[in-house]
Amino acid sequence: MPLQLQNIKKSYREPDGNILPVLNVESFSLEQGEQVVLVGESGGGKTTLLNAISGITTVDSGKVIVDGVDLTRLPEAGRDRFRAERIGIVFQTFNLLPAFSALENVLLGMTFAGRSDRDFARQLLERVGLGKRLSHRPPQLSVGEQQRVAVARALANRPRLMLADEPTASVDIANQNTILSLLRETCSEHGVSLLLVTHSHDVAEQFDRVEQLANFNKPEVHA
Ligand SMILES: Nc1ncnc2c1ncn2[C@@H]1O[C@H](COP(=O)(O)OP(=O)(O)OP(=O)(O)O)[C@@H](O)[C@H]1O
């Protein structure tokens, strides 16, 4: 199973010293190849949840099991390596490196995982319709094209799990549908499970499995 969350709790210490409980999820899982959209209000903990799943953030208690590995048992360096090797991430603001070409950005997604395969990088960019933009740097690409590079980069390490955090929030409606279709199609072509978070009901209705974060996340004050 690509993802299992068990009894995870997470709170932040706010600047005034108060504890803000953000996550309290008893159980959540994804089947291999499944595509799930998670809908939640602003401030509801969507990004925190994705960061916990990718190991960017630690949880206070519980288990985050990705591809059979409990990330809560790994030190930070181990979580970083695991993320580079097995998880693809598409961010709202793309997070491309502006000084590098589209092809180099995709190759960098492989380098962190210890691989480099120019042919596969080129194939991925062709797949997202950017075969003629390999040498363009992000500032020379349209916003929609930049997000398509980000989709290609997220697939570069051949991940088992793809996480997408509001991937269409920065693009217009025409690009929204292109990018969502590309993400969904490429994940299914590569057998990658997809967890996408959004506050948009338009985006959510394109998925078969729609989960409301508030239905299974019940933050509460805990020690
Ligand atoms: N590092 C932090 N320290 C303290 N509080 C934080 C921190 N990061 C997030 N928060 C708080 O935790 C709550 C959840 O934040 P999170 O970013 O996970 O929400 P979200 O559902 O992704 O929101 P949005 O849709 O607006 O991006 C918010 O109230 C936020 O202010």
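Ligands are counted one by one from 1 in listed order, and the atoms in each one are counted from 1 as well.
Nearest heavy atom pair, residue Gly44 against residue Leu213, reads O-CD2, 3.3 Å. Between Leu196 and Pro167 the shortest heavy-atom distance is CD1-CG, 3.6 Å.
With a 4.0 Å cut-off on non-hydrogen atoms, Glu14 does not touch ligand 1 at all. For Leu49, no heavy-atom contact with ligand 1 is shorter than 4.0 Å.
Between Pro219 and Val22, every side-chain heavy-atom pair lies at or beyond the 4.5 Å cut-off.
Between His199 and ligand 1, not a single N/O pair is under 3.5 Å apart. No N or O atom of Val22 sits closer than 3.5 Å to an N or O atom of ligand 1. The distance criterion of under 3.5 Å between nitrogen or oxygen atoms is not met by Arg13 with respect to ligand 1.
Shown in contact with Lys46 at under 4.0 Å from a heavy atom are these atoms of ligand 1, numbered in order with element: 18 (O), 19 (O), 20 (P), 21 (O), 22 (O), 23 (O), 24 (P), 25 (O). Under a 4.0 Å criterion applied to the non-hydrogen atoms of Thr48, ligand 1 contributes the atoms 15 (O), 16 (P), 18 (O). Annotation for ligand 1: atoms under 4.0 Å from non-hydrogen atoms of Glu41 are 21 (O).
Counting only heavy atoms, the protein never gets under 4.0 Å from atom 31 (O) of ligand 1. Under the 4.0 Å distance rule, the nearest protein heavy atom to atom 4 (C) of ligand 1 falls inside the cut-off.
Crowding of Gln140 atom CD: a count of heavy atoms from other residues, nucleotides or ligands under 6.0 Å exceeding 12. Heavy atoms from other residues, nucleotides or ligands lying under 6.0 Å from CD of Glu189 number more than 12.
A cation-pi arrangement is found for Arg158 relative to Phe120, the charged atom lying closer than 6.0 Å to the ring centre and inside a 45° cone about the ring normal. Geometrically, Arg153 does not engage Phe94 in a cation-pi contact, judged by NZ or CZ lying under 6.0 Å from the ring centre and within 45° of the ring axis.
Taking a cutoff of 4.0 Å between a charged side-chain nitrogen and a carboxylate oxygen, Glu26 and Lys218 do not qualify as a salt bridge.
Residue contact check for ligand 1: Gly45 places a non-hydrogen atom closer than 4.0 Å to it. For the pair Gln92 and ligand 1, no heavy-atom separation below 4.0 Å is found.
Shortest contact from atom 23 (O) of ligand 1 to any protein heavy atom: Gly43 N, 2.8 Å. Of the protein's heavy atoms, Ser42 OG, 2.6 Å lies nearest to atom 26 (O) of ligand 1. Looking from atom 2 (C) of ligand 1 to the surrounding protein, the closest heavy atom is Tyr12 CD2, 3.5 Å.
In this structure, Asn24 contributes its side chain and Asn217 its backbone to no donor-acceptor pair below 3.5 Å. At least one donor-acceptor pair under 3.5 Å links the side chain of Asp60 to the backbone N or O of Ser11.
Among Thr47, Leu20, Leu23, the residue whose heavy atom lies closest to atom 17 (O) of ligand 1 is Thr47.
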